[in-house]
Q: 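Below is the structure I would like to discuss, written out as structure tokens.
Within every chain, numbering begins at 1; the chains are lettered A, B, ... in the order of the sequence lines, protein sequences first and strands thereafter. As the structure is a prediction and not an experimental result, all values here were calculated from the model.
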Amino acid sequence: MPELPEVEEVRRSLEPHVLNVPIAAVRINRPDFITPPTAPLQDLVGRRIVSTFRHGKKLFCIAADDQTLVIHLGMSGRIDCVPSSAPLPAHTHVIFTLASGTDVRLVDPRRFGGLWHYPTSALAKRTELQNLGKDALQLHAADLAHWRKTRGRLKQRLLSQKDVAGLGNIYVDESLWMSQLHPLQRVDRISPESIEKLVAAIHLVLERSINAGGTTLRDYRNVADQPGQFARQLQAYGHGGKPCLRCATLMSETSVAGRTTVFCRICQRRR
DNA sequence: TTAGGCCTGCAC
DNA sequence: GTGCAGGCCTAA
């Protein structure tokens, strides 16, 4: 489910609830949702989140006294901020009860997401960050210059999170359509001009989606249970078999890297 | 590189 | 019932 814009919307909608509010209690319903090795979550009781940031699809909450919480929403993950008295939905794995009376609940039916807790001072050494490329919003064409000397297909590389962090299936297809690049394009054959176009397209698509509160296809909601509105602006994802919005050719739908992939065979040429 | 696995829910 | 889904890891 959540790619960069959705995680960013979750982060923004979460902050007003959690910043500088003491954590009164932590309840763990599913210990295996937390990735070991980890510091005891109970160490957070009595402490407060002082800042948050996002890198790619991961959400970082920095608490007082050298404690960091990393949340990954996976495919079906959600954070609910509700009064503690609200009914508990199924698949609620961890609950942080705040001194304000608000519950911050991690809900994830498919459990593809995860939670990490460790010292902030260990942040730089953590694989959760080390294996991530530059955040897609911070990406510059120069960051992809090394592609010239590497192998691989464009869509797979964009999905891998190692070159760029934050793009998933929706936003890769959108960015490729916008920059008129073929998903199976070899990365070592992309011109510098096309790399520039790609990076610009990634930024534009993500910024538009963030402004719309993200894409809700079915499940996605922010912490206030509001859906995103970007689905109506999608130009490639979900458009298989429909006319290309640029050239009216019927959009192709195939499988790339095991993911449904939509592109226009006429205006996304492969070189 | 691809296929399968992890899970549940939903459309068909 | 089958197949598919916004993620991501591994093993063949």
Q: Does any pair with a residue in residues 226-271 of chain A pass ring-ring contact (aromatic ring centres under 6.0 Å, His included), and if so which ones, sequence neighbours excluded?
A: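 Residue pairs passing ring-ring contact (aromatic ring centres under 6.0 Å, His included), neighbours aside: A:H182-A:F263.
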Q: Using ring-ring contact (aromatic ring centres under 6.0 Å, His included) as the criterion, list what pairs up with A:F112, not counting sequence neighbours.
A: none
Q: Atom CD of A:Q156 and atom C1' of B:dT2: how far apart are they, to the nearest Å?
A: 9 Å
Q: Identify, with sequence neighbours excluded, every residue that meets side-chain hydrogen bond (donor to acceptor under 3.5 Å, both in side chains) alongside A:D163.
A: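 Only A:H146, A:W147, A:R157 meet the side-chain hydrogen bond (donor to acceptor under 3.5 Å, both in side chains) criterion with A:D163.
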Q: Counting only pairs under 3.5 Å, give me each side-chain donor-acceptor contact of residues 193-201 of chain A, with atom names and distances, residues two or more places apart or in other chains.
A:
residue : atom : partner : partner atom : Å
A:E193  : OE1  : A:S191  : OG           : 3.4
A:S194  : OG   : A:S191  : OG           : 3.1

Q: What is the distance, to the nearest angstrom, from the CG atom on A:D108 to the C1' atom on C:dA5?
A: 13 Å
Q: Which dot-bracket string fits DNA chain C when only Watson-Crick or G-U wobble pairs with both atom distances under 3.5 Å count, crossing pairs get [ ], and | stands for a partner on a different strand?
A: |||||.||||||
Q: With sequence neighbours left out, write down each residue that passes side-chain hydrogen bond (donor to acceptor under 3.5 Å, both in side chains) with A:R265, or none if nothing qualifies.
A: none
Q: Take atom P in C:dA5 and the same atom in B:dT1, then report the distance between them in whole Å.
A: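 22 Å, rounded to whole Å.
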Q: If the condition is side-chain hydrogen bond (donor to acceptor under 3.5 Å, both in side chains), which residues does A:R153 pass it with, not counting sequence neighbours?
A: none
Q: Looking at residues at least two apart in the chain, or sitting in another chain, which of them share a side-chain hydrogen bond (donor to acceptor under 3.5 Å, both in side chains) with A:S84?
A: A:D103
Q: What's the CZ-C1' distance between A:R186 and B:dT1, to the nearest Å?
A: 14 Å
Q: I would like to know whether A:D108 and A:R30 meet salt bridge (Lys or Arg N to Asp or Glu O under 4.0 Å); could you show each step before the answer?
A: CA-CA 11 Å; A:D108 184 1; A:R30 273 213 77 117; over 6 Å; no
Q: Which residue pairs satisfy the ring-ring contact (aromatic ring centres under 6.0 Å, His included) criterion with at least one member in residues 35-72 of chain A, sequence neighbours excluded?
A: A:F53-A:F60
Q: Listing time: all N or O pairs from protein to nucleotides 8-10 of chain B that are below 3.5 Å?
A:
residue : atom : partner : partner atom : Å
B:dT8   : OP1  : A:R111  : NH2          : 3.0
B:dT8   : O3'  : A:H91   : NE2          : 3.1
B:dG9   : OP1  : A:H91   : NE2          : 2.8

Q: Could I get the full list of ring-ring contact (aromatic ring centres under 6.0 Å, His included) partners for A:F33, not counting sequence neighbours?
A: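 For A:F33, the residues satisfying ring-ring contact (aromatic ring centres under 6.0 Å, His included) (neighbours in sequence not counted) are A:H93.
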Q: Starting from C1' on C:dA5, measure out to CD1 on A:I170 and report it in whole angstrom.
A: 10 Å
Q: Taking atom C1' in both C:dC9 and B:dG9, what distance in whole Å separates the two?
A: 22 Å
Q: Using a cut-off of under 3.5 Å, enumerate the N/O to N/O pairs linking the protein to nucleotides 8-12 of chain C.
A:
residue : atom : partner : partner atom : Å
C:dC8   : OP1  : A:H72   : NE2          : 2.9
C:dC8   : OP2  : A:K57   : NZ           : 2.7

Q: Can you see if the side chain of A:S76 gets near the phosphate of C:dA5 - specifically, an N or O under 4.0 Å from OP1 or OP2?
A: no
Q: Rounding to an integer number of Å, can you tell me how far A:F33 CZ sits from B:dC7 C1'?
A: 12 Å
Q: Starting from the C-alpha separation in whole Å, work towards a yes-or-no answer on salt bridge (Lys or Arg N to Asp or Glu O under 4.0 Å) for A:E9 and A:R12.
A: CA-CA 5 Å; A:E9 169 61 21; A:R12 292 181 187 185; 5.8 Å; no
Q: For A:R221 and C:dG6, give me the distance from atom CZ to atom P, rounded to whole Å.
A: 17 Å
Q: What interatomic distance, in whole Å, is found between P of B:dC7 and the corresponding atom of C:dA11?
A: 15 Å
Q: Identify whether any heavy atom of A:Y237 sits under 4.0 Å from a base atom; if not, whether one sits that close to sugar-phosphate; answer base, sugar-phosphate or nothing.
A: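 Sugar-phosphate: the residue A:Y237, judged by heavy atoms under 4.0 Å, touches backbone atoms but no base.
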